[in-house]
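Heads up: the structure comes next, in structure tokens.
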Protein chains: 2
Amino acid sequence: MTETKKPYHHGDLREKLLSAATILIADGGVDNLSIRKLADKVGVSRTAPYHHFKDKNELLCAIAEQGFYQQDQIVRAISTQKTDLPAAELFEEYVLTYIRFANENSETYDLMYGRDIWKAGRPTKSLKAISKNCFKLWLEWITVLQTEGVFESNHPPLRIAQSSWAALHGLCRLFNDGVYINQDDVDEIAKTTVEILIKKTS
Amino acid sequence: MTETKKPYHHGDLREKLLSAATILIADGGVDNLSIRKLADKVGVSRTAPYHHFKDKNELLCAIAEQGFYQQDQIVRAISTQKTDLPAAELFEEYVLTYIRFANENSETYDLMYGRDIWKAGRPTKSLKAISKNCFKLWLEWITVLQTEGVFESNHPPLRIAQSSWAALHGLCRLFNDGVYINQDDVDEIAKTTVEILIKKTS
DNA sequence: CAATCAATCTTGACAGTGTCAAAATTGATT
DNA sequence: AATCAATTTTGACACTGTCAAGATTGATTG
């Protein structure tokens, strides 16, 4: 666990690298992030970052991990703030927030759930853990919502969780990746998706 | 239109490049495709490909375009072969086939609908055209299915088309990108998605 | 048939990239 | 004060995309 280890010669280089990297990808995408450029930005030599991240991959994993924490915070805020909402509306609120997060942090989102990290099969242990936990929370919520009648009961909750999350994710990606481009549509499509997902009360 | 233009000195270099490139990305991903390696594979100098594709981007677009043709063929085969199927089951068949295509040609699929091409905002004119047409066909079908009662009528067909396709796409991506990894689940999740999408007949 | 032209291909070059190995620096520990 | 180990730097290597300039050559024209 080198997480909180302070560098000896400079300030907290690891932190500096992380925040600088986040800025770099925020404007310019992941392609705009090179170890060398990053090192230059922070004011160290090209290979200095390698003493805090084994790889470029590990750096990306760390950024993604931050993204999960951030997303968790935002999402958690909903359930604590809007305690009076009925379950179905809370669900919609969640979905909209999730998509908004993906939209506003498209590059981070891409790292969190994108092939750059996952396809190569080299996600960090801690990244694996936090993302797994993230899905577990989703699954648990879906399970509760199903018993509350928000979702149909003709499928196991795991399947509903998987397919509903895939629906969310697909929407995020289509906008994030520039396939769907009309940003004005995103909310309406999202609401449509939600209404398709939840049980018809008619 | 330089599409069918034959090279002067060698065989049909453009075609050779395309097929070699497709092979390269098929095993090893897009990252495994470099212009230089490609040129080497075909037996020309590093910069020879630049007389047939302005860019690496244009090469990728061409591969993606091929993918669309391929997908179109596969999908079209369904509706001509299974004419006896009821609409809802035909839809399921389509979805499963779509996902299977994405799965078996994951790298091509990634090019077709991925940020590499679209996010940078530099899809070829012809690529834009064919993908747009692809969605148009989807929308038209959804419209028909809605009048046939397969989908609910409480949303405009455009929204249903967008959100249902996003659901499909999300599923494809999660498996393609290695986020969902258990390949055995894909069919079941897909079926769940279909059943959620279509109108309940109970 | 010979000269010209333009498409095609090659060679050379430049600025990037990730990352390894070895040497240099330096704060903390003995 | 000397030692040690963590940190940083310098040098190097093999890649990458792509541009500019020259060489080759099939087709076109006079």
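Here is the naming used below: chain letters follow the sequence lines, and residue numbers restart at 1 for every chain. Just so we're clear, the structure is a prediction, and the values are computed from it rather than from any experiment.
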- Item | Presence of H52(B) side-chain N/O under 4.0 Å of dC9(C) phosphate oxygens OP1/OP2 | yes
- Task: Using atom CG of L33(B) as one end and atom P of dC15(D) as the other, report the distance to the nearest whole Å.
- Result: 16 Å
- Mind calculating the distance between CZ (R14(B)) and P (dC9(C)) to the nearest angstrom? 13 Å
- Task: To the nearest Å, give me how far apart CG (N32(A)) and P (dT17(C)) are.
- Result: 9 Å
- Rounded to whole angstroms, how far apart are CG on L38(B) and C1' on dC15(D)? 16 Å
- Can you tell me the distance, in whole Å, between the CG atom of D31(A) and the P atom of dG16(C)? 16 Å
Pairs of donor and acceptor atoms involving the side chains of residues 24-39 of chain A, under 3.5 Å and at least two apart or interchain, shall be tabulated with distances.
unit_1, atom_1, unit_2, atom_2, d
N32(A), OD1, K37(A), NZ, 2.7
N32(A), ND2, L24(A), O, 3.2
N32(A), ND2, D27(A), O, 3.2
S34(A), OG, K37(A), N, 3.0
K37(A), NZ, N32(A), O, 3.2

- Atom CG of L59(B) and atom P of dT16(D): how far apart are they, to the nearest Å? 14 Å
- Message: Holding to salt bridge (charged side-chain N to carboxylate O under 4.0 Å, His left out), I want the full list of residues that pass it with R46(A), two or more places apart in sequence or in another chain.
- Response: none
- How close or far is atom P of dT9(D) from atom CG of D40(A), stated in whole angstroms? 11 Å
- Task: Check the surroundings of atom NZ in K56(A): do more than 12 heavy atoms from other residues, nucleotides or ligands lie under 6.0 Å from it?
- Result: yes
- Write out all pairs satisfying side chain to side chain donor-acceptor pair (under 3.5 Å) with one or both partners inside residues 77-101 of chain A, taking only residues at least two apart or from two chains. K82(A)-E93(A), Y98(A)-Y109(A), Y98(A)-W165(A)
For residues 185-192 of chain B, tabulate all N or O donor-acceptor pairs below 3.5 Å that involve a side-chain atom, not counting sequence neighbours.
unit_1, atom_1, unit_2, atom_2, d
E188(B), OE2, R159(A), NE, 3.1
T192(B), OG1, E188(B), O, 2.9

- Task: Please determine, for the side chain of S45(B), which listed nucleotide (dT16(D), dT9(D), dT11(C)) has the closest atom?
- Result: dT11(C)
- Task: Mind calculating the distance between NZ (K37(B)) and C1' (dT16(D)) to the nearest angstrom?
- Result: 10 Å
- Quick one: what's the B/S/- string for nucleotides 19-24 of chain C, heavy-atom cutoff under 4.0 Å, read 5' to 3'? BB----
- Note on the structure: Those residues at least two apart in sequence (or on a different chain) that pass salt bridge (charged side-chain N to carboxylate O under 4.0 Å, His left out) with D72(A) are R76(A)
- Message: Contact between E107(B) and K119(A) at the side-chain level, heavy atoms closer than 4.5 Å - yes or no?
- Response: yes
- With both distances kept under 3.5 Å, what pairs with dT30(C), Watson-Crick or G-U wobble? dA1(D)
